[in-house]
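Below is one structure; the comments refer to it alone.
Below, chains carry the letters A, B, ... as their sequence lines are ordered, and counting in each starts from 1.
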Amino acid sequence: MEYNYKQIEKKWQEKWYKENTFKASDDFTKPKFYGLVEFPYPSGQGLHVGHPRSYTALDIIARKKRLEGYNVLYPMGWDAFGLPTENFAIKNKIHPKIVTENNIANFKRQLKSIGFSFDWTKEVSTTDERYYKWTQWIFLQLFKRGLAYKQEMPINWCTSCKVGLANEEVVNGVCERCGSEVVQKNKSQWMLKITEYAERLISDLEELDYIEKVKIQQKNWIGKSEGAEVDFKLSGIDYTLTVYTTRADTLFGATYMVVSPEHELLTKFADKIENIDEVRAYQVEAAKKSEFERTELSKEKTGVKLQGLSAVNPVNNKEIPLFISDYVLTSYGTGAIMAVPAHDDRDWEFAKKFNLPIIEVVAGGENVQEAAFTDIYSGKMINSEFLNGLEVKDAIAKMIAYLEERGIGKKKVNYKLRDWVFSRQRYWGEPIPLIYCEKCGWVPVPESELPLTLPETDNFEPGENGESPLAKMTDWVNTTCPCCGGKAQRETDTMPQWAGSSWYFLRYIDPENDSAIAATEKLNYWLPVDWYNGGMEHTTLHLLYSRFWHKFLYDIGVVSTPEPYAKRTSHGMILGENGEKMSKSRGNVVNPDDMVEDFGADTFRTYEMFIGAFDQSTPWSINGVKGCFRFIERVWNLQDILTDEEGYSTDFEKAMHKTIKKVTEDYDKMKFNTAIAALMALINDIYKKGSITRGELKTFITLLNPAAPHLTEEMWERANFGGCLNETDWPKYDEAKCVDDTVEIVAQINGKVKDKIMIPADISREEMERVALENEKIVALIEGKQVLKVICVPGKLVNIVVK
RNA sequence: GCGGAUGUGGCGGAAUUGGCAGACGCGCCAGACUUAGGAUCUGGUGUCUCCGACGUGCAGGUUCAAGUCCUGUCAUCCGCACCA
């Protein structure tokens, strides 16, 4: 019987799609499972082999959960706003809407050809008006609660895309998307106060079942730091310069202060600064540099002393000099620091360069004139009056208490996380639904008028000085104020790509709903997402943003859970055959379409799961695909050796139960490679045996079904097992039948294997020892030697220690 | 610099609590069959000085026993990067 994968796969795919076989049910009495994979950005290149790795993995989980009786929601959609589409549209003079439609059609065709069990009735696209109506609605709720604000601020400006970028989109000083230089530019931007949620975004991680590296990466990204703010007075001027420090204990060692080039002090007291020209020149230099250049470590410290100004150390009243330097960042803490060169590497370097005093206040290191001593776990306070003799930790607490008592400082927690730059000067995104009125300020578009649709135009190129393309459409821009009815203008910036993906998992639950994000009872039933798989690259962007939005929606009572995803796993990357990252320029890209065409979806899926440990990156191998193709064919050919016998043959029962156990557990733990290996091992044994019973076949194809659904469904039908395989129950195993009656134990002498002996599994320890000691080889080898000890591990080994 | 991983045959990778290193697949070798195929089937395949040794990046250590635990070290990859 020939295995015609093309025909078979097409047959089942059409049936599944037409009959909505995998539609999630509205029966809320059933236990639910919400499995989620990151929806793709429908690029012109089509699907990458990385996508099916994630999608097949959760498809296996979803299919297995259905057989286990769960009501499963496993949806798919399109994250379709974004720059590449827009750039393609501009270049080829095709409307981005058309580009998007074409790309989606292609992606959908590809996904269907791989046979995923998505519930296509829940399909969403972020570019759909009925979808982004709610993206805009969420934004308005953020705005109304003061979490969206407009600010003139230096932003990362991509010189090529002509667009402001979030910090997350700047990689190594260049634009994440196009690789062009990123510079600082002042621009009035909409910002979202994600920092307000910083603490909860960290602390709530605790309860979540996320793989550890995601938690760690998010924590590091948010960058919580506990310290204190300390007030320094300037001498002779009524001004308090507040600094942030985690090392309040070292205050007696603060020998100078540094402010960032953008600090307000520099404009406020320009007339007092004797060398103001020099200072201004330094400011200009700093402004020219990109954030990346400023933060390059290797570079030497630079700075200018502020002549004419000085500060007073509040604990010893010593007068200390002030500097301006770009190693102090405006955006963190207060934009000013107290410098303790003896115990901070950066301050030490700066002090050496500018010949500033280095005073040791923590003893325990080497000579602080030679290098800073930064250890906080060893060492005791010196030269610090009331702190002397204390450990660093205690000294910090004591100093903060001292400062608080006198009202010159307080405990303070800081985060590295910055607010989210939410504006893009681009066409292909959700319009920000706000209107500016001279009289009323920023006014929301009334919710009844949502969605605020993206106006039609042929000209989506960005404006000259970085204006949004929408600004050119004056008919659309000019409107009336919803508040006072006067003349007003619309906001012309659009939202970043991350907006639509920050809540898409909610829309899947009820995609047709026009009166709410989703019906409350549906949200209550389906949330949280039980299992979310995606790439590590989304850890600090999408994953954090969507947790932020979800928490906000929780706070305003829209959703019932404080966290969107109960469990998060992450797949490794699939590399090219040469072990390098797949890319067009390297010429090592594998096209999923070719795999499906040449080997079929089942082989492709099986190989993607067999390729290696799921969470690790691993190179593609066309020979590996062929190996899986052989396996799939061998499965098909089981039909040739099928007997009429129901149930398992007696001498094969244990093998069947063991395999069920192994595959069941491995799927749950995402150890797909060893699950497939176990099925390969079993089929090898079946062919050795020469025949397969109906019971054995039924179990075998059910276990394989989540990975290779078309083949197994077809075999189910041909074997007349009744109904469809996707409606059957997951096979059960009997723990007692997973244990062998006889086991092979190892006889060792001094830890070296000398022989292997078959013994009954339930033999006593003494009996085991006796068997080993009577073993021919062992007898010969221990002859004339003194037996010191015999170690017996039941069911495993006997180790005889001799001298 | 900080944080996180990963180092096992020719290759991808297996290996509950420390207990037979190399499952499964690829590749390779030999044979069978043949309507000469992207075949298929059967057997073999860690290394060596092959009656015995040696083998999980490297060097030590703990243990009857170490891929697994401890100390040190090297290499590669990823993330963050002057965060006071």
- Query: For RNA chain B, what dot-bracket results from Watson-Crick or G-U pairs at under 3.5 Å, with [ ] for crossers and | for inter-strand partners?
  - Reply: (((((((..(((......[....)))((((((.......))))))(((...)))..(((((..]....))))))))))))....

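Look at A/Arg634 and you won't find any side-chain N or O under 4.0 angstrom from OP1 or OP2 of B/rU40. OP1 or OP2 of B/rA14 lies within a sub-4.0 Å distance of a side-chain N or O belonging to A/Asn673. Checking the phosphate oxygens (OP1, OP2) of B/rA15, a side-chain nitrogen or oxygen of A/Lys671 falls inside 4.0 Å. Considering only side-chain N and O atoms, A/Ser617 lies nowhere under 4.0 angstrom from the phosphate OP1 or OP2 of B/rC78. A sub-4.0 Å separation between OP1 or OP2 of B/rG79 and a side-chain N or O of A/Thr539 is absent.
When distances run from any side-chain atom of A/Asn623 to the nucleotides B/rG38, B/rG27, B/rA14, the shortest one goes to B/rG27. Of the candidates B/rA84, B/rG12, B/rC64, the closest approach to any side-chain atom of A/Lys789 belongs to B/rC64. Taking the side chain of A/Gln217 as heavy atoms from C-beta on, and the options B/rA84, B/rU6, B/rG79, the nearest nucleotide is B/rG79. Closest to the side chain of A/Leu797, from the set B/rG13, B/rG3, B/rG19, is B/rG19. When the nucleotides B/rC20, B/rC26, B/rG19 are ranked by their closest atom to the side chain of A/Val793, B/rG19 comes out on top. Which of B/rC64, B/rG38, B/rA84 sits closest to the side chain of A/Ile791 comes down to B/rC64. With distances taken from any side-chain atom of A/Val801 to the nucleotides B/rG13, B/rG38, B/rC64, the minimum falls on B/rC64. The side chain of A/Ala681 sits closest to B/rC24 out of B/rA84, B/rG19, B/rC24. Side chain of A/Tyr327, nearest nucleotide from B/rC82, B/rG19, B/rC24: B/rC82. You'll find that the side chain of A/Lys301 is closest to B/rC82, out of B/rG19, B/rG38, B/rC82.
Under the rule for a side chain to side chain contact (heavy atoms under 4.5 Å, CB included), the partners of A/Lys412 that lie at least two apart in sequence or sit in another chain are A/Glu229, A/Tyr244, A/Asn414.
Using a 4.0 Å heavy-atom criterion, one finds that A/Asp598 contacts the bases of the nucleic acid, with or without backbone contacts as well. Across all strands, A/Glu212 comes closer than 4.0 Å to no nucleic acid atom at all (heavy-atom distances). Within 4.0 Å (heavy atoms only), A/Lys662 reaches no atom of the nucleic acid at all. Backbone-only contact: A/Gln616 has heavy atoms under 4.0 Å from sugar-phosphate atoms and none from a base. Among the heavy atoms of the strands lying under 4.0 Å from A/Ala613 are primed sugar atoms or P, OP1, OP2 only; no base atom is included.
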- Query: Run the salt bridge (Lys or Arg N to Asp or Glu O under 4.0 Å) check on A/Arg568 and A/Glu38 step by step: do they pass?
  - Reply: CA-CA 11 Å; A/Arg568 169 78 179 190; A/Glu38 286 165 352; 2.8 Å; yes

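Between the CZ atom of A/Phe672 and the C1' atom of B/rA23 there is a distance of 19 Å, given to the nearest Å. Regarding A/Trp221, its CH2 atom lies at a distance of 18 Å from the P atom of B/rG4, rounded to whole Å. Note: CD1 (A/Ile324) to C1' (B/rC82) measures 15 Å, nearest angstrom. One interatomic measurement links the two molecules: CD1 of A/Ile676 to C1' of B/rA23, which rounds to 15 Å at whole-angstrom precision. The NZ-P distance, from A/Lys412 to B/rA84, rounds to 13 Å in whole Å. Following rounding to the nearest Å, A/Lys224 (NZ) and B/rC2 (P) show an atom-to-atom distance of 23 Å. Atom P of nucleotide B/rG38 and atom OH of A/Tyr3 are separated by 18 Å, given to the nearest angstrom. Between the CD1 atom of A/Ile749 and the P atom of B/rC64 there is a distance of 17 Å, rounded to whole Å.
The glycosidic torsion of B/rC50 lies within 90° of 0, placing the base in the syn range. Base orientation of B/rG10: anti, the glycosidic angle falling outside 90° of 0.
Look at the P atom in both B/rC2 and B/rG12: the space between them is 31 Å, to the nearest Å. Between B/rG18 and B/rC70, the two P atoms lie 11 Å apart (nearest whole Å). B/rC41 and B/rU56: their P atoms are spaced 35 Å apart (whole Å). If you take atom C1' in B/rU17 and the same atom in B/rC50, they sit 36 Å apart, rounded to whole Å. Of the P atoms belonging to B/rC26 and B/rG1, the separation is 44 Å, rounded to the nearest Å. Nucleotides B/rU6 and B/rC51 have their C1' atoms positioned 41 Å apart, rounded to a whole Å. A distance of about 40 Å separates the C1' atoms of B/rA81 and B/rG10, rounded to the whole Å. With both ends at atom C1', the span from B/rC77 to B/rC33 equals 48 Å, rounded to whole Å.
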Without placing hydrogens or testing angles, list every side-chain donor-acceptor pair under 3.5 Å for residues 247-254 of chain A, not counting sequence neighbours.
residue	atom	partner	partner atom	Å
A/Arg247	NE	A/Asp249	OD1	3.0
A/Arg247	NE	A/Asp249	OD2	3.3
A/Arg247	NH2	A/Asp249	OD2	3.0
A/Thr250	OG1	A/Arg247	O	2.7

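A/Asn799 contributes a side-chain N or O that forms a donor-acceptor pair with the base of B/rC64 under 3.5 Å. Evaluation of atom-type donor-acceptor distances gives a pair under 3.5 Å for the side chain of A/Lys796 against the base of B/rU17. Under 3.5 Å, the side chain of A/Lys756 and the base of B/rC20 form at least one donor-acceptor pair of N or O atoms.
For A/Tyr607 and A/Arg630, each mapped to the nucleotide of RNA chain B holding its nearest heavy atom, the one lying further toward the 5' end belongs to A/Tyr607. Both A/Glu597 and A/Thr674 lie near RNA chain B, and the one whose nearest nucleotide falls closer to the 5' end is A/Thr674.
Between A/Tyr5 and A/Tyr3, the ring-plane angle classifies as tilted under the 30° and 60° cut-offs.
In summary, the aromatic rings of A/Tyr332 and A/Tyr415 are positioned with their centroids too far apart to meet the 6.0 Å limit. For A/Phe614 and A/Phe672, the ring centers sit closer than 6.0 Å to each other. Taking the six-membered ring where the residue is Trp, the centroids of A/Tyr256 and A/Phe323 are separated by under 6.0 Å.
Applying side-chain contact (heavy atoms from CB on, under 4.5 Å) to A/Tyr607 and the options A/Phe631, A/Trp620, A/Phe629 leaves one that passes, A/Trp620.
A/Thr195 and A/Arg418 are not linked by any side-chain donor-acceptor pair at a separation below 3.5 angstrom, with hydrogens and angles left out of the test. Side chain to side chain, A/Thr302 and A/Tyr282 meet the donor-acceptor criterion of an N or O pair below 3.5 Å.
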